[in-house]
Amino acid sequence: MSTHPLISGLNEKQATAVSADDRPMLVLAGAGSGKTRVLVHRIAWLIQERRYSPYSILAVTFTNKAASEMRGRVEQLLGSSVRNMWIGTFHGLAHRLLRAHYMDVGLPQNFQILDSDDQQRLVKRLIKSMNLDEKRWPAKQAQWYINGKKDEGLRAQHIETFDPTEQTLKQIYEAYQESCDRAGLVDFAELLLRAHELLRDNKTVREHYQKRFRHILVDEFQDTNSIQYAWIRLLSGQDNIVTIVGDDDQSIYGWRGARVENIQQFLDDYPAAMTIRLEQNYRSTGNILRAANSVIANNSDRLGKDLWTEGNEGEPISLYAAFNEMDEARYIVGRIEEWRDQGGALQDVALLYRSNAQSRVLEEALLHARLPYRIYGGLRFFERQEIKDALAYLRLVSNRDDDAAIERVINTPTRGIGNRTLDIIRQTAREQKKSLWQAATQLVDEKQLAGRARNAVASFIELINTTDDETEDFTLGRLSNEVISRSGLLAMYEAEKGEKAETRVENLKELVSACENFTQDETEEDLTPLNAFLAHAALEAGEEQADEYQDAVQLMTLHSAKGLEFPMVFMTGVEEGVFPSQQSMDEPGRLEEERRLCYVGMTRAMQKLVITYAEQRRIYGQDFFHKVSRFISEMPADALHEVRLQTQVQKPTSYGRFNTGASHEAFEQTGFSLGQRVRHAKFGDGTVLNYEGTGPQSRIQINFDQVGTKWLVVAYAKLEPSVS
DNA sequence: CCCGCGTTCCTTTTT
DNA sequence: GGAACGCGGG
């Protein structure tokens, strides 16, 4: 069996997982242990060797990227298409289920998906209309509450509470749901919840899918929330074979409802399950793995796993103590230049940070050094304002009752429908439990609006209706082109000046060509091309816009680095209060999640890992003196190499708020330099942060390890260079 | 309706 | 430090 082509290149554990019999299985896959490979080979094995039809396999992932990569790799392995196999995200699959059974779940056939931005706007408007104080009841918080409840499988009517705060939130939830239902709108959490209710309450439907999906495979299982796991349970019935793949040590989304406990729950629910640990790592050097193992060992309640490699130790992890965030950035730039000069590619370098705000200083330094970079986590194509405007028009063409869409564009571009008029429409809609469109139409017909407002509303209604009527046999591309010009959106953005407006016009044109190039998936034949496109826009917000072909340094948060790997990785801002973040430090559970995040970050590195921290950091315009992160002390000392500033050839020439390079030299005649480690007879060791004036009378700022930051006069302080 | 000013808030992100 | 938002004046 070891010579079977689907298994020959695999290690023993991988091969066992791939060729396992029909029984539930947990694959605990450590970072870099070939997890995707196992999943892909397993599916291919089931089809080729065990003669399962692709039709009887369901594979679930969290991102569209993972789903399409998996399908591609399975097809490549089999040399044939697996079109009728269901591979997709939880949300994509739920959408498909709801479409197929829209009548059973009480949705209109052309129901639309609300993204989080739409959702927040809708909630906000409802809070206003309920006459609640928006300061006391922030839309964000209410949205968080609603989604949290939905993720737990709870409808508003299931919530019993005597807490007055929660009672209000519950009312908002109720009003929101009513509003969505009336408008035929489904948010992301609702997709899952409603699909779950469908499977739970409709025996025929449930048994149909249970009969169909003999094998169910779930990727990144540690990221599943309650409703997602409940979903899997319902689909798997009595004798379907569930395979889950995940890593409890890489669970970093607890804050958004993911439950690592689901892994343990799975083992309880499927007692016959076999557990396979993939611990051989094919990515990182021995040193990096040793340090990562040592950090994660500080967490409790692990399922237990130790990564190992057959590769070499590699070089030690570099640790750099910067004196502030600009020095940190400068050091990193120096190391990247060194890497490039030795022939390294920039796209092989990743800069990781805990929060997005930290990227700015790094960007400035990269810009300054003329190093191209690409930053992850910006606005994506379908999330842009102008695109969402255009999509709102398209949504109205498809479904007039879409309140979220009408709110967005009824007066964009301005057409004389002001707040006054809008409020009348809203009120009428609320009182008569109708959609905004219906209310507006009625008000116009019954001549209940003042002349000017009435004309404006009437012509808006006319605009949507005629656009719909006259484009009936248009292609999607032509339709979208028609929409952006007839609505006046294009003209509006063309009239604006500035670079921003120009990009918006370009984006609108880009939208037209996206529509032209859009090909409907064959699983979407039940949808009109327009509805298929709209679903596509909501469910996969599109790639971030960046020139992928350019050789550029990659900047991203630690969270978005999960699943990726880079030859050279910088983990920056590794300080108490930054990483682990301040908000996570008090609660043990959250601290452990931060530690897993550290583990994730470290295991992204293939050859070189550089960890940096700053003695002083400016956050929100305030200076902080953080201690080194505890995670660093959790690494074995012999896996680390501390880089000291004195050993650097490059002088700290500041280009920011600090003293400039010219006066540095004068300062350095005192015998000290910024970032230098010094020793004081009374205060102990510390780091030079800043100075004032030159010569012996100058004052010098030092962050002492024990007693914090102090200003001292050089002449009296009797400082010595520290030996450590 | 637009502009400018003051206020507030501030991890992490996918769908 | 700065984006995002609400409010009041023109």
Side-chain angles (χ1 to χ4, degrees), chain A residues 60-67 88-95 113-121 124 128 133-135 138-141 144 147 150-151 186-193 195 220 223-225 227-228 251-258 325 352-361 364 376-380 382-383 385 411-421 456 496 535-542 544 556-563 573 577-585 590-591 593-594 596-598 600-601 617-624 656-657:
Chain A
V60 196
T61 63
F62 274 85
T63 64
N64 293 297
K65 200 175 152 204
T89 62
F90 278 103
H91 293 86
L93 300 170
H95 184 230
I113 300 168
L114 216 54
D115 73 15
S116 2
D117 181 61
D118 298 332
Q119 186 186 34
Q120 197 179 333
R121 286 158 165 268
K124 188 173 205 163
K128 243 187 217 162
D133 179 7
E134 289 176 82
K135 296 239 163 73
K140 242 200 161 130
Q141 197 194 311
W144 181 261
N147 290 337
K150 287 190 177 185
D151 285 345
V186 173
D187 62 57
F188 289 132
E190 183 73 20
L191 284 170
L192 301 177
L193 178 54
E220 303 279 17
D223 291 338
T224 50
N225 62 28
I227 197 86
Q228 287 160 338
S251 158
I252 56 175
Y253 288 115
W255 52 273
R256 65 173 199 208
E325 74 274 17
L352 310 183
Y353 35 80
R354 179 63 180 78
S355 76
N356 285 308
Q358 287 165 251
S359 74
R360 238 196 63 227
V361 182
E364 277 170 20
Y376 283 70
L379 258 195
R380 294 185 304 174
F382 289 112
E383 292 168 354
Q385 176 190 307
N411 201 32
T412 307
T414 49
R415 45 173 71 89
I417 304 175
N419 246 327
R420 189 98 187 80
T421 313
E496 279 178 30
H536 169 81
L539 286 175
E540 15 196 324
E544 288 150 41
M556 66 193 85
T557 62
L558 285 151
H559 281 90
S560 34
K562 197 176 99 169
V578 175
F579 186 32
S581 83
Q582 192 62 48
Q583 295 96 315
S584 309
M585 291 199 331
R590 303 181 76 188
L591 180 73
E593 184 154 304
E594 296 280 307
R596 293 193 289 269
L597 191 56
C598 179
V600 166
R617 183 180 297 276
R618 181 164 284 201
I619 300 170
Y620 306 138
Q622 255 200 309
D623 285 328
F624 290 87
R657 298 175 292 272

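First the proteins, then the strands, lettered A, B, ... as listed; each starts at 1.
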- Roughly how far apart, to the nearest Å, are dT13(B) and dG2(C) at atom C1'? 22 Å
- When rounded to the nearest Å, what value does the distance between C1' atoms of dT14(B) and dA3(C) take? 23 Å
My understanding is that only residues two or more places apart in sequence, or in another chain, count here; which of them pass side-chain hydrogen bond (donor to acceptor under 3.5 Å, both in side chains) with [X]?
X         : result
Thr89(A)  : none
Asn64(A)  : none
Thr412(A) : none

- If you take atom types as modelled and just measure distance, does the side chain of Ser116(A) reach the base of dT15(B) with a donor-acceptor pair under 3.5 Å? yes
Roughly how many Å is it from [atom1] in [X] to [atom2] in [N], rounded to a whole number?
X         : N       : atom1 : atom2 : value
Gln622(A) : dC10(B) : CD    : P     : 15 Å
Asn147(A) : dT15(B) : CG    : C1'   : 11 Å
Lys562(A) : dT11(B) : NZ    : P     : 21 Å
Arg354(A) : dC10(B) : CZ    : P     : 15 Å
Gln358(A) : dG1(C)  : CD    : P     : 17 Å
Lys140(A) : dC5(C)  : NZ    : P     : 9 Å
Trp144(A) : dT14(B) : CH2   : P     : 14 Å
Arg596(A) : dT12(B) : CZ    : P     : 18 Å

For a quick check of understanding: with a heavy-atom distance under 4.0 Å over all strands, which category does [X] fall into, base, sugar-phosphate or nothing?
X         : result
Tyr253(A) : sugar-phosphate
Glu594(A) : base
Asp223(A) : nothing
Asp187(A) : nothing
Asn411(A) : sugar-phosphate

Go through [options] for me and flag the one nearest to the [X] side chain.
X         : options                   : result
Ser355(A) : dT15(B), dT12(B), dT13(B) : dT12(B)
Ser560(A) : dT15(B), dT13(B), dT11(B) : dT13(B)
Thr557(A) : dT15(B), dC2(B), dT13(B)  : dT13(B)

- Say whether, by atom type as modelled, one donor and one acceptor occur between the side chain of Asp118(A) and the main chain of Asp115(A) under 3.5 angstrom.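 Yes.
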- Query: Using the purine O4'-C1'-N9-C4 or pyrimidine O4'-C1'-N1-C2 torsion, is dT12(B) syn (within 90° of 0) or anti?
  - Reply: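 The base of dT12(B) is oriented anti (glycosidic angle more than 90° from 0).
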- Message: Can a side-chain donor-acceptor contact be found between Asp223(A) and Gln228(A) if the only test is distance below 3.5 angstrom?
- Response: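 There is no such pair between these side chains.
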- Message: Tell me whether Trp255(A) and dT12(B) count as stacked here, given that the ring centres must be under 5.5 Å apart and the planes must differ by less than 30 degrees.
- Response: yes
- Is Tyr620(A) stacked on the base of dC10(B), with ring centres under 5.5 Å apart and planes under 30° apart?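 Stacking between Tyr620(A) and dC10(B): present.
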- Message: Are Lys562(A) and Leu597(A) packed together at the side-chain level, in the sense that at least one heavy-atom pair is separated by less than 4.5 angstrom?
- Response: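 Lys562(A) vs Leu597(A): side chains apart.
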- Taking side chain to side chain contact (heavy atoms under 4.5 Å, CB included) as the test, write out the residues that go with Lys140(A), two or more places apart. Gln120(A), Gln143(A)
- Identify, with sequence neighbours excluded, every residue that meets side chain to side chain contact (heavy atoms under 4.5 Å, CB included) alongside Ala195(A).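 Listed in chain order: Ala94(A), Leu97(A), Leu98(A), Trp231(A).
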Under 3.5 Å, which N/O atoms of the protein pair with N/O atoms of nucleotides 6-10 of chain C?
from   : atom 1 : to        : atom 2 : distance (Å)
dG6(C) : OP1    : Lys124(A) : NZ     : 2.7

- If you take all heavy atoms of Lys150(A) and Ala189(A), which pair is closest and at what distance? CB-CB, 3.6 Å
Would you please confirm or rule out a distance under 4.0 Å between OP1 or OP2 of [N] and any side-chain N or O of [X]?
X         : N       : value
Asn64(A)  : dT15(B) : yes
Arg380(A) : dT15(B) : yes
Arg360(A) : dG2(C)  : yes

- Take Phe188(A) and Glu593(A), find for each the nucleotide of DNA chain B with the closest heavy atom, and name the residue whose nucleotide sits nearer the 5' end. Glu593(A)
